[in-house]
Number of protein chains: 2
Amino acid sequence: MSVQTVSLKSVLDQIDNNLPAATDRLLELLRIPSVSTDPAFAAHCQTAADWLVADLQSIGAEATKRDTPGHPMVVGHVAGEGPHILFYGHYDVQPVDPLNLWDRDPFDPAIEETPAGRVIRGRGSSDDKGQLMTFVEACRAWREVNGSLPCQITFFFEGEEESGSPSLIPFMKENAEELTADIALICDTGLFESRVPAIITMLRGLAGIEVEITGPDRDLHSGMYGGLVRNPLHVMSNIIAGLHDETGRITLDGFYDDVPELSDEIRAQWQALSFDHAKFLGDIGLTEQGGEVDRTPLEKLWSRPTCEVNGMWGGYTGDGSKTVLPSKAHAKFTFRLVGQQDPAKIVAALKAYVEASVPSDYKVSYKGDKGAPAAQMSVSHPAFEQARKALSDEWPDAAAYVGCGGSIPIAGFFKDILNMDAMLIGFGKDDDQIHSPNEKYDMESFHKGIRSWARVLEEMTKK
Amino acid sequence: MSVQTVSLKSVLDQIDNNLPAATDRLLELLRIPSVSTDPAFAAHCQTAADWLVADLQSIGAEATKRDTPGHPMVVGHVAGEGPHILFYGHYDVQPVDPLNLWDRDPFDPAIEETPAGRVIRGRGSSDDKGQLMTFVEACRAWREVNGSLPCQITFFFEGEEESGSPSLIPFMKENAEELTADIALICDTGLFESRVPAIITMLRGLAGIEVEITGPDRDLHSGMYGGLVRNPLHVMSNIIAGLHDETGRITLDGFYDDVPELSDEIRAQWQALSFDHAKFLGDIGLTEQGGEVDRTPLEKLWSRPTCEVNGMWGGYTGDGSKTVLPSKAHAKFTFRLVGQQDPAKIVAALKAYVEASVPSDYKVSYKGDKGAPAAQMSVSHPAFEQARKALSDEWPDAAAYVGCGGSIPIAGFFKDILNMDAMLIGFGKDDDQIHSPNEKYDMESFHKGIRSWARVLEEMTKK
């Protein structure tokens, strides 16, 4: 048994023994309501950043809070030999509404015993504070056992991931030298089927925009005007209904121009995963697949683009009834992108379609235009195989290369701006209810996640 | 000049002289936020009813507040010779949202000078407190001049007109004898084109229901689930989009079964009104007609049925973005009915269509089912011609028999339950913005409205 392996066992033991203290630290961080999308929570984002600076300092990093026009970044450095690793996570969280569907205060987190095991319940527990802390805690344990970390590490935490990361690209460009490492590790993803440790090599991109259409210049009495005046809610419904054809394809001009087909190799790998889509749907109370009729479930989730209305509203939405013919209708659209789809081109196609669809006397306005292209990782970097081995050692199932339907634009930015490969490894489960009420993170995810990073560090720094 | 005519002139003078005091009384009533549809305002509905009881007592009526399972009724009686007239109005008002579009507190009414003349600004000023008070003030002036009213009068005010009048039918049935008069006068309508005094002989009915559809049992991350899971907002949009065909006709099975064509006589009368639909649309910022392509504008507004979504919502509707694939979508539907259309049959057809349109693993639930059939007045009762003459004497234009797109179910109830004809006369203008922010009632409407009722009383009680 090599020295290194003895050291790893001690680190893993240290992680096991110190899990209660690590959990307490996570609960502290979860109590800070760092919702990035709502300006009312801006001060809490500052507090979360300060908390992380202090925590990184406690493990020996030179850490600072770095102002941006939006919420601050946190950057920390630990010097060392061997490869230079950058670890990325985000400390901001999604809004909590509808609040009435939560069983507890989303920002008063707690450990709950459930039939499926212990969970950490609260907003951000899985996305992404719990995941972020798995790496920090692995480093803490490593340092406690060995006196120092095994290599040079840069910690890079942002606070705008849930609101489109407006400050990220400028910050990366301005601090390119400081942030460039040999490889980036990103912990914001999940286990495949809540079980198989997974390294993501394919991520969908995102394009989005909010559309407001205005018909009559005020809300009208539906009796006095109904029949002669077009209802903006009907017009918006027609727009949304027209975005997909009967086969589930998106109808925007040129939408599929830059969408590649899967390689035979990837198709075979995904086939081997024997994804249980009936269970996937059953877990959310459904039995029927939606989407493109001629695609497999994993293709629909990982390698095909989508168009979703994330929110829609107009007219009277309170209790009781109000016979109004509303002036306005609103919808928030996002697209998941794949291959070489260009977010700006997709948003432009949506705008052209909306403008061609509204009556000539309607007005259309937009806000919140945003986008990030899809990302494809190169698995030729040796870190991929090192991480695959480390994860396979920790978990019952062997680790797999998979796709991801979500958009984690940071992976593409590391490649495009810093010319750095990124490896996405995370421990979330399908029922974590991220972005939803009652978000949780399994204690197993947290505990084995910390242990996984210790093993990855060991594999990557083996002499 | 007959004694009666001398009396009328004195009454009209009294109305002119006492207009400031009448206005102050109306402002008092407008300050009571008697929103009926929202349970939070229930106490204010009681206050409004109490205020009206006291005001009726001040003009010599035996008036009482009468409890119902919902908001109370106000009933007042004045004994007298000649015809027995029942006057109906409603003291409840529409909700005020969106509050930010009001230029003043909706329940802090005021007289405003505008380029088009003086207006009374505030929620309920036109619909219906201002209109209701025109009749009360006419009676007050008549009594002040003559010592008594010219005939037997029953005042009947309800507080649930804006929320579907759930207590009205039971109350009318339980108090049928007390509420039966020779004819009912209803003041809840407007001048044709804001100018021509109008007696409504045709009213659209109303059917409505709120629909909730549930797909996944929780809100989902649109990246993790998008492409494989159907979005309830898309499903609801498809439902709404499918309710009208390309010619503007409503597609529900059997929807037009009980819709009659206009008689040649009515069609000719409406043609003679030379309705300026371009101005009607221009006043609300529009230029294009919607609705059935093969119908005239007045047909669309008065004699053709409609389907409108009065409110729709689902997903994230706050500031910023949230990439959610929502669990639920909601829509409030109402239909304006004509002829013999049966509200229950129409609601059943909508339900059948919704249930046939959702995926088999979706859930559908309903609330707020309601309805009232359309009403057709018989103009053979002599009061119609008496009122037409009285109104023609007061206003520059001769009075006309017209249709009304709105639903005033009370007119049908008077006929069906009490076998009593009803005459709908009102003084609202097209730009009163009833049901909308910045509702107002012109001082001209209020003043000449009071004078109109004095003339109608005189014509109806002439020896």
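In what follows, chains are A, B, ... by sequence order, proteins preceding strands, each numbered from 1.
Listed for the S126(A) side chain is no donor-acceptor partner under 3.5 Å among the backbone atoms of D432(A). Between the side chain of Y362(A) and the backbone N or O of R230(A), at least one donor-acceptor pair lies under 3.5 Å. Without hydrogens or angle criteria, D92(B) side chain to V35(B) main chain gives no donor-acceptor distance under 3.5 Å. No donor-acceptor pair under 3.5 Å is formed between the side chain of D97(B) and the backbone N or O of L99(B).
In this structure, the portion of E162(B) lying under 4.5 Å from any heavy atom of chain A is its backbone and not its side chain. Proximity to chain A is limited to the side chain of P98(B), based on heavy atoms less than 4.5 angstrom apart. Contact annotation for P359(B): both backbone and side-chain heavy atoms come within less than 4.5 Å of a heavy atom of chain A. Both the backbone and the side chain of S237(B) have a heavy atom closer than 4.5 Å to some heavy atom of chain A. The contact between D283(B) and chain A is made entirely by backbone atoms, counting heavy-atom distances below 4.5 Å. Proximity to chain A involves both the backbone and the side chain of L220(B), based on heavy atoms less than 4.5 angstrom apart. Interface residue E308(A): backbone and side-chain heavy atoms are both found under 4.5 Å from chain B.
Most heavy-atom pairs under 4.5 Å with chain B: of the set G208(A), G320(A), S222(A), this distinction falls to S222(A). Annotation: maximal heavy-atom pairing with chain A below 4.5 Å, among H234(B), M236(B), Q289(B), occurs at H234(B). Top candidate by heavy-atom pairs under 4.5 Å with chain B, chosen from G285(A), S436(A), G291(A), is S436(A). Ranked by non-hydrogen atom pairs under 4.5 Å with chain B, the options L243(A), T317(A), I239(A) are led by T317(A). Contact count against chain A (heavy-atom pairs under 4.5 Å) is highest for N310(B) among D127(B), N438(B), N310(B). In terms of heavy-atom pairs under 4.5 Å with chain A, the best-connected choice from L233(B), L325(B), T306(B) is L233(B). Contact count versus chain B (heavy atoms, under 4.5 Å) is highest, among I434(A), D430(A), T334(A), D38(A), for I434(A). Of the listed residues L228(B), V309(B), V324(B), the one with more heavy-atom pairs under 4.5 angstrom with chain A than any other is L228(B). Contact tally against chain A (heavy-atom pairs below 4.5 Å) for G226(B), G405(B), G406(B): the top residue is G226(B). Ranked by heavy-atom pairs under 4.5 Å with chain A, the first of H244(B), R204(B), M224(B), K322(B) is K322(B).
Scanning residues 209-219 of chain A against chain B with a 4.5 Å heavy-atom cutoff picks out E210(A), G215(A), P216(A), D217(A), R218(A), D219(A), ordered by number. Taking non-hydrogen atoms and a 4.5 Å limit, the residue list of residues 296-305 of chain A in contact with chain B, ordered by number, reads P297(A), K300(A), L301(A).
Put simply, the side chain of Y316(A) reaches to within 4.5 Å of the side chain of T37(B), judged on heavy atoms. Residues F333(B) and V347(B) have side chains not in contact (no heavy-atom distance under 4.5 Å, counting atoms from C-beta outward). At least one side-chain heavy atom of L424(A) sits under 4.5 Å from a side-chain heavy atom of L203(A). When side chains are defined from C-beta on, L206(B) does not count as touching F335(B), because their heavy atoms never get closer than 4.5 Å. Looking at heavy atoms from C-beta onward, K328(A) lies out of side-chain contact with P232(A) at the 4.5 angstrom threshold. Between W102(A) and R123(A), the closest side-chain pair of non-hydrogen atoms falls below 4.5 Å. In this structure the side chain of L281(A) reaches within 4.5 angstrom of the side chain of V229(B), judged on heavy atoms.
Closest non-hydrogen pair, A241(B) versus N238(A), comes out as CB-OD1, 3.3 Å. Across C404(B) and I200(B), no two heavy atoms sit closer than the pair CB-CD1, 3.5 Å. When all heavy atoms of G318(B) and K332(A) are compared, the pair lying nearest together is O-NZ, 2.8 Å.
Side-chain atoms of S36(A) and S163(A) form a donor-acceptor pair, as typed in the model, at a separation below 3.5 Å.
Enclosure of atom CG in D319(B) is not indicated, since only 12 or fewer non-hydrogen atoms of other residues, nucleotides or ligands lie within 6.0 angstrom.
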S321(A) vs K370(B), side chain to side chain donor-acceptor pair (under 3.5 Å): CA-CA, chis, key distance, verdict = CA-CA 10 Å; S321(A) 82; K370(B) 62 176 179 180; 2.5 Å; yes
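Relative orientation of the W313(A) and H330(A) rings is parallel, given thresholds of 30° and 60° on the angle between their planes.
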